[in-house]
Amino acid sequence: MTQSPALDQPYDPALVESRWYGFWESHGVFAATDSPADARPVYVVPMPPPNVTGSLHMGHALMTTLEDVLVRWHRMRTFNTLWQPGTDHAGIATQTVVERMLAREGKTRHDVGREAFVERVWQWRRDTGDRIHLQQRVLGASPDWSRTKFTMDADMSRAVTEAFVRLHEQGLMYRATRLINWCPECRTALSDLEVDNEEGANGELFEFAYEVEGGGEIVVATTRPETMLGDTAVAVHPDDPRYTSFHGKRVKHPFVDRTFPIVTDAILVDPKFGTGAVKVTPAHDFNDFATGKRHGLEEINILNLDGTMNANAGPFAGLDRKEARRAVKKALAEKGFARGTKPHVLTLPRCQRSGGVVEPMISTQWFVKMAAMAEKALDAVRTGKTVILPAEWTKTYDHFLGNIQDWCVSRQLWWGHQIPAWHGPDGKIVVARERPKELGPEWTQDPDVLDTWFSSALWPFSTLGWPEETPALKKFYPASDLETGYDILFFWVARMMMFGLHFMGDVPFRRVLLHGLVVDETGEKMSKVKGNVIDPLDLVHGATFEKMVPDADALTKFKKAYPSAAAMGAGFPAFGADAVRFTLATYPPSNKRIALAPKRIEGNRHFLNKIWNATRLALDLLGDWKWMDEPPPKGFYNQWIRSRFANACATAHDGLDAFRIDEAAHAAYRFFWNDLCDWYLELAKPILRKQTDGTFLRPDQVPETRATLAYVLEGSLRLMHPLMPFITEELWQRVPRPQSRKASIALGPYPTPDAEKEAISAEVEAWMGTLQQVISAVRTVRSEHDVDKKADVPVAIRADVPEMVAFLRGHVEAIRGLVRSKGDPVFEGRGGAREAGTTVSIVTTPQGPVEVLVGLKGLVAKDDELARIDREMKKAEKDVAALEKRLGSPGFVDRAPPEVVEEARKQHASLLEARARLGEARKLAEEL
RNA sequence: GGGCGGGUAGCUCAGCGGCAGAGCGUCUGCUUUACACGCAGAUGGUCGCAGGUUCGAUCCCUGUCCCGCCCACCA
C-alpha cells in the first residue's frame, strides 16, 4: 500500500484513492461472510458487464455508483451483504461492436465466417474486460471483479440450457412459423422490444390500380409499393357503398400470373383513409397477416433473408428492397396503373442494433409463452412482493406485462448461447441438456443462439449457482435490491421477474430501484455521433479536452454540450472518484434525465476539501485526546451538534431506505458544512484552543467538547462513507474511535437514527437558532456598512423575556468571538434610550423579538443605513399585509386549525412589534 | 391514438395545502494560524397559462399551451 498523504497537505484524491482498494480486499470488505444469526442476509443483484453500448460510459458509472452506495450501506448495517461478481452473459453489444469493426474493413460477419467472428468477439471482450475492471476499482465498487470471467462461463451456459429445456418440457418453449421482425442487415430475427420506431420519417403514399376481373378497377394506396408482389387480397369495408359492386370479385396481379379476391374486412379497413381500399400482404405486414388468417388468404414471402427479392417476386427477383420499390413503381406507371403519390409522414421500424429498416417476415423461430408468467409477475408487484421505485414506473410495468406477446428468443447470430436442440431427418427435433448419444451424425445442433436477454433474465439466480441448490442460492435468493436504469425495465427487469417466479417460485428481488439516464449538460443523450460522450475515468483522473476529443470540430461540439465546462480552461481537473460518486448520488431518482454538469462535480470536490480540512482542524483541537466510550455530560453547543447529527442520521437513513440517496447526500452535506464547520467548529475553537498564557478559557468544558467533537466527526465519516468511500476511509483511520471498531470504516456500523434518537432536542435547536440569528444580525450590519474586519464594535442586545436575556447572557463569549464586539455585549430590557449612531436590527424568534444594537458612530454612511432599514421595513410591511389579509379573510379564524390561527396571530404581533422598532430605528439613523 | 413525466431564482434541480428552497453563478467586503477548493454578507422568483375546490393553492381538481420519454398504430 502506498504511503498515507500527510494531513497538512492539501487534499489530493489521487493520493488518497490509490491506497484503499487493496486494503479493502485484504480485509474481506467485499466478501459476504457468516454473520450473527439475526443478521438479515442482503443481496444486491449485480449488473452484468456493460451490454448496451459495450463501452465505458457514464451510465455504467452511475449504475456502479448507486449499486455500491446501497451495498456499502447495507453492509455497514448488516455485515452479511452480498454483491458478488457475476459471469459474463452473451452481451449483444459485443458482436455489434465487432460487426462495426468489420464494416470499416468493408466486410460482414458472413465474409469472415462463424469461427473467426467468434474469436474476434472474444478478443474484444478480453480487451474491454480489463478496462471495465479498472473502472470498477477506480470508483471503489465492491465486487471482486478480478474474479469476473469475461467468457461465457460454463455455469452460466448450464443455467441457460437448463432453463431452455425445462421451458420446453413444460410446453412454454415452442417452435413456430409466424410473422416476426427481421433485420436484413443483421440477418436475424428480433423481439418486439428490439425494434425502435423512428417517427416523422418523410415518405409518400403511392396509389395504384388493380384491374378487377369482369371490368373496372380498384385503387389502393401504399407506402411500400414493392410489397404488392406479395399481395393476396384487396380489402374494403363491408359498409362502404363505393365498393359494394366489387364484393366477391377478384383482381388480376399485373406482374405475376395470379388473381386474388376482394374481401370485406371491418377491422383492417378505415373507409375514411386513402381510397378506402387496402392491399393485403399477409407475409409482410402484421395487420395483413391477421387479416389473412381471418380470410384464409395465401401468404407469399417475397424476400430473401438479406432483403433482396426472391423468386416469388417474378421479374423483380434479385433486386434489393429499395431497387425493387423503384422498379415496381416504374413498371406500374408503364402499364398505366399508377395513380399518383402524396407526401406522407410515417414511422419507420428500425433495428436497435444496426439501424436498418426492419421487415416483417414469415419465419420459423423459437418462442416463449408469456401470458401465464406475465400474470404472475404482475401479481407480485400488485401485492407488493416486489416494490418498484420510483413508484410511477409501476404503471409502465403493468402496461407492458398486460399487453405482452410471446417472446421470440432465437437469433440467427453467432455469438451467444446456442440453442440446445438437434435437427434430424424429416424435420424431427430433439431438445436436450446435451447432445443425445443415440443421435446419428446426420443430426445437427440448431445453429441459432438465444436472445442475450434470455440469459440475463436468469441472472439473479444463475449467478448464485442455479440449478444447483447451492448454499448461496438458499441464503441470498430472493435478493434485496436491484438497481438499474429505467431503460431496461422491459428488457431485463420484467423478464427477471417472470423467470424468477417461474423457476424459483419467488420474486427475484424485493425492491427494484430505477434511476434516470445520464445525458449531457444541455439534456441531449450522450452519443458518439454527437461527440458529447464523457468517459468517467477522465472525470476521476482529469483529462485535457485535446485528449478527450480528437479534433477542433469535435471540441467545439463538446464544449457546446458542456457549457459550464467550456470555461474550465484546458480540460477537466482530477475530480477524484469520491467527487464523481457523490455527485452521481445527488441526483434524485425521479429525475429521468441526469444532466451531467462538471461544475457540479467541482462543487462537490470542494466539499471533500472541506471535509479534509475540517478533520485536520478537529484533530488539532482534539490534541492527544483518547476515545471514551461514555460521553461526559454535555453543554449547550454539544447538545446542539448532537441533535443536528441525530437529525442528519435520521434523514440519511430514511433517504437510503426509500431510495432517495440524494436526500441522504444532501443531509450529510448540510450537516457537515453548515452545522459542523460553520458553527460548531467555530464555537469549539475558543474552548479547545489554549490562550496565550497556555490555559484554557473554560477548562470545565474541554473534556465534554472534545468527546462530542470526536463523536460527531467519527460518526459523520461513517454516515458519509457509502457516498465517498475513499476519503472517509483515509480520514477515519486517523481519528479517535472506539476500540471495538474493526479495521476498516467499511465494516460499519452505519449510524442509525435509533442510536442517536435521544440526542434530538427541538428546544436546544430553537435556542441555538436564536443565537445564530442574533449573530447573523450583527454580521449583516457590519458587512452592509463595510465595517473593517478588525474593528471592534459595541453591541447591545435588548429583550424583555427573562429566559431570553439569561440565555443570551450565557453565550456572551460566543457572540463576542463570532461578531467581534467591543467587550462583552450589553444586555438590556427593551425600549431604553439609544445613543446616536447606533443601528438597530430586529430579530424575530420563537421566544419573542430581540433588538440587536450595533454602535457604528463614525463608521457608517447614513444613507446606507437608511436604505437597509427601508429594505427591512418593506419586507416587514409585506409580511404584515399578507398576515392581515389572512387573519381578516372570512372563515380563516373559524375554520383553520386553531394552532395555525394561533401561530399567525403570534407572528402578526411580533411583526407589528418589529415594524414599530424599525420605525424607531429609522429615526435614530437620521442622527447618524 | 394510449400512457407516463416535466415546465419553480441566470443555470441544474429539490419542495407538493399554511411566510418560496439548495447547489452552482452574480455582486460587495475580507489572504482571519482548518480550508481563497475559503469566510462573512447581499442580490435574485406572477412557482407555464386559465378556471375550479378550499378559510387558505406552487402543491389538490378540470381545461390548456409547450418540452421529454414510453407503448401502439400508420393502406
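Order of the sequence lines fixes the chain letters, A, B, ..., with proteins taken first and strands second; residue numbering starts at 1 for each chain. Nothing here was measured: the structure is a model prediction, and the numbers come from that model.
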Students often get this wrong, so: under 4.0 angstrom with heavy atoms, is [X] touching a base, only sugar-phosphate, or nothing?
X	value
A:Thr275	nothing
A:Lys685	base
A:Arg820	nothing
A:Phe490	sugar-phosphate
A:Ala595	sugar-phosphate
A:Asp270	base
A:Lys279	nothing
A:Arg616	sugar-phosphate

Among residues at least two apart in sequence or on other chains, which ones pass side chain to side chain donor-acceptor pair (under 3.5 Å) with [X]?
X	value
A:Arg294	A:Asp265, A:Thr291
A:Arg779	none
A:Lys685	A:Glu682
A:Tyr680	A:Asn638

Please give the distance between the [atom1] atoms of [N] and [M] as a whole number of Å.
N	M	atom1	value
B:rG2	B:rG15	P	29 Å
B:rC13	B:rG52	C1'	30 Å
B:rU46	B:rA42	C1'	24 Å
B:rU58	B:rA14	C1'	13 Å
B:rU12	B:rG1	C1'	34 Å
B:rC35	B:rU26	C1'	23 Å
B:rC47	B:rG7	C1'	10 Å
B:rG51	B:rG68	P	28 Å

Given atom [atom1] of [X] and atom [atom2] of [N], what is their separation to the nearest angstrom?
X	N	atom1	atom2	value
A:Glu521	B:rG25	CD	C1'	12 Å
A:Leu179	B:rC73	CG	P	12 Å
A:Trp612	B:rC35	CH2	C1'	13 Å
A:Leu608	B:rG23	CG	P	16 Å
A:Glu784	B:rC30	CD	P	15 Å
A:Leu193	B:rC71	CG	P	7 Å
A:Glu194	B:rC71	CD	C1'	16 Å
A:Glu682	B:rU33	CD	P	12 Å

Report yes or no: does [X] contribute a side-chain atom to a donor-acceptor pair with the main-chain N or O of [Y] at less than 3.5 Å?
X	Y	answer
A:Arg605	A:Val580	no
A:Arg600	A:Thr583	no
A:Trp612	A:Gln9	yes
A:Glu17	A:Ala577	yes

Q) Which residue pairs pass the ring-ring contact (aromatic ring centres under 6.0 Å, His included) test with at least one member in residues 575-606 of chain A, sequence neighbours excluded? A)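 Qualifying pairs: A:Phe582-A:Phe607.
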
(Q) Would you say that A:Ile661 contacts A:Leu723 through its side chain, given a criterion of any heavy-atom pair below 4.5 Å between the two side chains? (A)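 Yes; the side chains approach each other to less than 4.5 Å.
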
**Q.** 4.5 Å side-chain heavy-atom contact, A:Phe672 and A:Ile611
**A.**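 When only atoms from C-beta onward are counted, A:Ile611 and A:Phe672 do touch, with a gap below 4.5 Å.
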
Q. Would you say the side chain of A:Lys599 and the base of B:rC24 hold a donor-acceptor pair, judged only by whether the two atoms sit under 3.5 Å apart?
A.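 Donor-acceptor pair under 3.5 Å: no.
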
Q. Is there a donor N/O on one and an acceptor N/O on the other, under 3.5 Å, for the side chain of A:Arg600 and the base of B:rC24?
A.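 Side chain to base: no pair below 3.5 Å.
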
Q | Between A:Glu194 and A:Ser191: side-chain donor-acceptor atoms closer than 3.5 Å | A |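 Yes, because at least one side-chain N or O of A:Glu194 sits under 3.5 Å from a partner of the opposite role on A:Ser191.
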
Q.
Just by distance, no angles: are the side chains of A:Thr347 and A:Asn197 close enough, under 3.5 Å, to form a donor-acceptor pair?
A.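 The criterion, which ignores hydrogens and geometry beyond distance, is not satisfied for A:Asn197 and A:Thr347.
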
Q: List for me each residue that meets salt bridge (Lys or Arg N to Asp or Glu O under 4.0 Å) alongside A:Glu521, sequence neighbours excluded, and say none if there are none.
A: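 Result, salt bridge (Lys or Arg N to Asp or Glu O under 4.0 Å) vs A:Glu521: none returned.
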
Q: Compare side-chain N and O positions of A:His399 against OP1 and OP2 of B:rG2 and report whether any pair is under 4.0 Å apart.
A: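 No, no such contact exists.
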
Q.
Is there a side-chain contact between A:Thr780 and the phosphate of B:rA42, meaning an N or O under 4.0 Å from OP1 or OP2?
A.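 Checking A:Thr780 against B:rA42: at least one side-chain N or O falls below 4.0 Å of OP1 or OP2.
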
Q: Check step by step if salt bridge (charged side-chain N to carboxylate O under 4.0 Å, His left out) holds for A:Lys790 and A:Asp788.
A: CA-CA 5 Å; A:Lys790 294 195 177 85; A:Asp788 186 86; 5.8 Å; no

Under 3.5 Å on both distances, the Watson-Crick or G-U partner of [N]:
N	result
B:rG38	B:rC30
B:rG68	B:rC4
B:rG21	B:rC13

Q. Taking for each residue the nucleotide of RNA chain B with the nearest heavy atom, is it A:Val893 or A:Glu392 whose nucleotide lies nearer the 5' end?
A.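 The 5'-side residue here is A:Glu392.
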
Q.
Return whichever of A:Ser776 or A:Asn604 has its heavy-atom-nearest nucleotide of RNA chain B closer to the 5' end.
A.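 Nearer the 5' end of the strand: A:Asn604.
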
Could I get a table of every N or O pair under 3.5 Å where one atom is in the protein and the other is in nucleotides 66-69 of chain B?
none

**Q.** salt bridge (charged side-chain N to carboxylate O under 4.0 Å, His left out) contacts touching residues 900-911 of chain A (sequence neighbours left out)
**A.**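 Non-adjacent pairs meeting salt bridge (charged side-chain N to carboxylate O under 4.0 Å, His left out): zero.
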
Q) Under a 4.0 Å heavy-atom cut-off, which of residues 581-589 of chain A touch RNA chain B? A)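 Heavy-atom cutoff 4.0 Å gives A:Pro588.
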
Q) Is there a residue in residues 667-678 of chain A whose heavy atoms reach under 4.0 Å of RNA chain B, and which residues are they? A)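 Hits under 4.0 Å, by residue number: A:Tyr669, A:Trp673, A:Cys677, A:Asp678.
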
Can you check nucleotides 15-21 of chain B for protein contacts, nitrogen or oxygen pairs under 3.5 Å, and list what you find?
{"unit_1": "B:rG15", "atom_1": "OP1", "unit_2": "A:Arg660", "atom_2": "NH1", "d": "3.2"}
{"unit_1": "B:rC19", "atom_1": "N3", "unit_2": "A:Gln907", "atom_2": "OE1", "d": "3.1"}
{"unit_1": "B:rC19", "atom_1": "N4", "unit_2": "A:Gln907", "atom_2": "NE2", "d": "2.4"}

Q) Of all residues at least two apart in sequence or in a different chain, which pass the ring-ring contact (aromatic ring centres under 6.0 Å, His included) check with A:Tyr210? A)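 A:Tyr210 satisfies ring-ring contact (aromatic ring centres under 6.0 Å, His included) with A:Phe208, A:Phe260 only.
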
